[in-house]
Amino acid sequence: MSIMLHGIGVSRGIAIGKAYLREHGQPEVSEYKVPDYLIDAEIDRYKAALDMARSQLVELRTQVPSSVPGEVTDFIDAHLLMLEDNAIRRGPTKMIRRQKCNAEWALKQQRDSLVQAFEDMADSYLRTRKDDIDHVINRIMRILLEQENDTQELIDPDENSSSRVVVSDNLTAAEIILLHNSGVAGIITEHGGPNSHSAILARSIHLPAVMGASNIHRYIKDGEELIINGDDGMILVDSNSKTINHYEELKGKELHRREALLKLRSQAAVTRDNSTITIQANVELYEDIDAMHQAGCDTVGLYRTEFLFLNREDLPTEDEQYNIYKQVVEKLERSTLTIRLLDIGTDKPIPAIAEMEAADNPALGVRGVRLLLKNMELLIPQLRAILRASAHGKIQIMLPMVTNNSEISQVREQLQTVMNSLKKDKLKFDTNLKVGVMIETPAAALAADSFAANSDFLSIGTNDLIQYSLAIDRTDDQVNYLFDPLHPAILRLIRQIIEASNKYHIPVSMCGEMAGDERYTRLLLGLGLREFSMNPSAIPEVKQAILNTRLDFLTPLADKMIKSADHEEIKLLFKEMNKFSMEHS
Ligand code: PEP
Ligand code: MG
């Protein structure tokens, strides 16, 4: 009997094939005491497992096809870095010696405490890094337990992979690479959501994926015919041939569409009524710049600097930061690099900052610019490094989590002091370095005009703006369904921010996920947005939406939307906007 199930569509596309069920769960671990004379040997066994884990990851790296974007190998590099971290390297060995226990037990305890620390974080991006810790530790654990790891075949080589949809409790990014290489049609997982590394990876390699499909193993049997739709999270089990034919046809159309998208790389983003729209990229690592260039984009609208500060005991020095910023801006040649100052808070542990203890409500605690202004040892070296790098290319800085105008003035004061000291040291820098502000709190959005008066540019951070405005924790699965960019309050705030920027003649961009979701491109254009910044893999779709629209068609519909407080009416107008491309292509 045919049934329909639902998960979260995290990577677009239709996949049709037979279910291939696999489940790994957490490896079972038992504790036993190790006699004194065998402690050193137990520690050596642990170290050998670390070495083996490293070799497996290095081997895996060689299996990544060259056509895959740089983002993919970043996952492996991040896992390799974690293997070097003291929490994984020294923590368990100390425990083996202190508790005289087996390596597996020590590693399990370390895993539990690290996972708990990550679960307590408020920031969704960092919370999803918990999965990475889990994946790295499970890799070491399986080696210790002499169980199979992902370098072994995931799919029986006799199987025709392209006719398989893999159904699993969880899949690591590394496993997804292997499944992609073996040509599977799509994946379904019980756990995980759109912000997980595995989901980001599936999107970047265009592997249709549905995640967060609870208890899926109960409803699907091995070998059953499946259809999944990564757009809306639909899973059809055991469909009839008429339904299968219908989805085969849709899949064919989707392939056609993607081929056409590749041709847009060198095309400017211009609407049909001749307005040129700016597309910029959100990047994190040096390698992301390659993915950005491959997507035909040359400007960075959001460079997240958190990565430099995580997974280490000490703080990155001014010189270390300077070298990285310089390397990135030189790679951009003459295009602009917008560096966001460190956006970290009590939710993210930086061991070097002693006062960073877990807050009762970290999302409302000392994070973003608040933390920087309380800790000059974070702010000053970063400002000095950025200013020095500004001698090598076009850089501007952006302040995170601002709620008060005085925070902008305080950062500007510090910037001036740093400029004076660099002048004294006879170091070169851009004396006109622009300072922009992220609008991601309702306070900043409602007072956007006063912020615009104090800033060189604004950038709308919808991930946090929606979280704080609608009072929903962006990391809490239970309230995910309320995360709604079409809420009348959100539309009005966005419009208000754009109007404030226009009034003060300063640029306004959007760098939250909404900017990279092509379903909202027309809406944002209608609301007056002309600059978008997004993950490089989202660029072709958004560009196509821009090419397939007319501002004179969108603007009156957006005006109507703003005036309406009726959610249902807003949704209808939204549908009407997106109908344009279907009718005119
Ligand atoms: C945002 O809040 O929209 C944003 C871009 O910042 P982050 O996702 O890094 O908090
Ligand atoms: Mg934010």
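First listed ligand is number 1; within each ligand, the first listed atom is number 1.
- Side-chain contact, Q382 with T305: a donor N or O sits under 3.5 Å from an acceptor N or O.
- Looking only at its N/O/S atoms, D464 has OD2 as the one nearest to the Mg ion (ligand 2).
- When side chains are defined from C-beta on, K543 counts as touching I279, because their heavy atoms get closer than 4.5 Å.
- Residue contacts with ligand 1, taken as heavy atom pairs separated by less than 4.0 Å, do not involve E284 at all.
- By the 4.0 Å heavy-atom criterion, R340 is counted among the residues contacting ligand 1.
- Of the N and O atoms on the side chains of Q467 and D464, at least one donor lies less than 3.5 Å from an acceptor on the other residue.
- The residue from N463, I439, N282, D343 that puts a heavy atom closest to atom 8 (O) of ligand 1 is N463.
- With a 6.0 Å cutoff to the six-membered ring centre and a 45° limit on the axis angle, R388 counts as a cation-pi contact of Y322.
- Closest to the Mg ion (ligand 2) among the N, O or S atoms of E440 is OE1.
- Side-chain N/O atoms of N405 and N454 include a donor and acceptor closer than 3.5 Å.
- Considering backbone and side-chain atoms together, R367 places no N or O closer than 3.5 Å to any N or O of ligand 1.
- S406 and N404 are not linked by any side-chain donor-acceptor pair at a separation below 3.5 angstrom, with hydrogens and angles left out of the test.
- Under 3.5 Å, the side chains of N170 and T189 contain no donor-acceptor pair of N or O atoms.
- At a heavy-atom cutoff of 4.0 Å, ligand 1 is contacted by no atom of E513, backbone or side chain.
- At least one heavy atom of M438 sits less than 4.0 Å from an atom of ligand 1.
- Applying the 4.0 Å criterion to heavy atoms of E440 picks out, from ligand 1, the atoms 1 (C), 2 (O), 4 (C), 6 (O).
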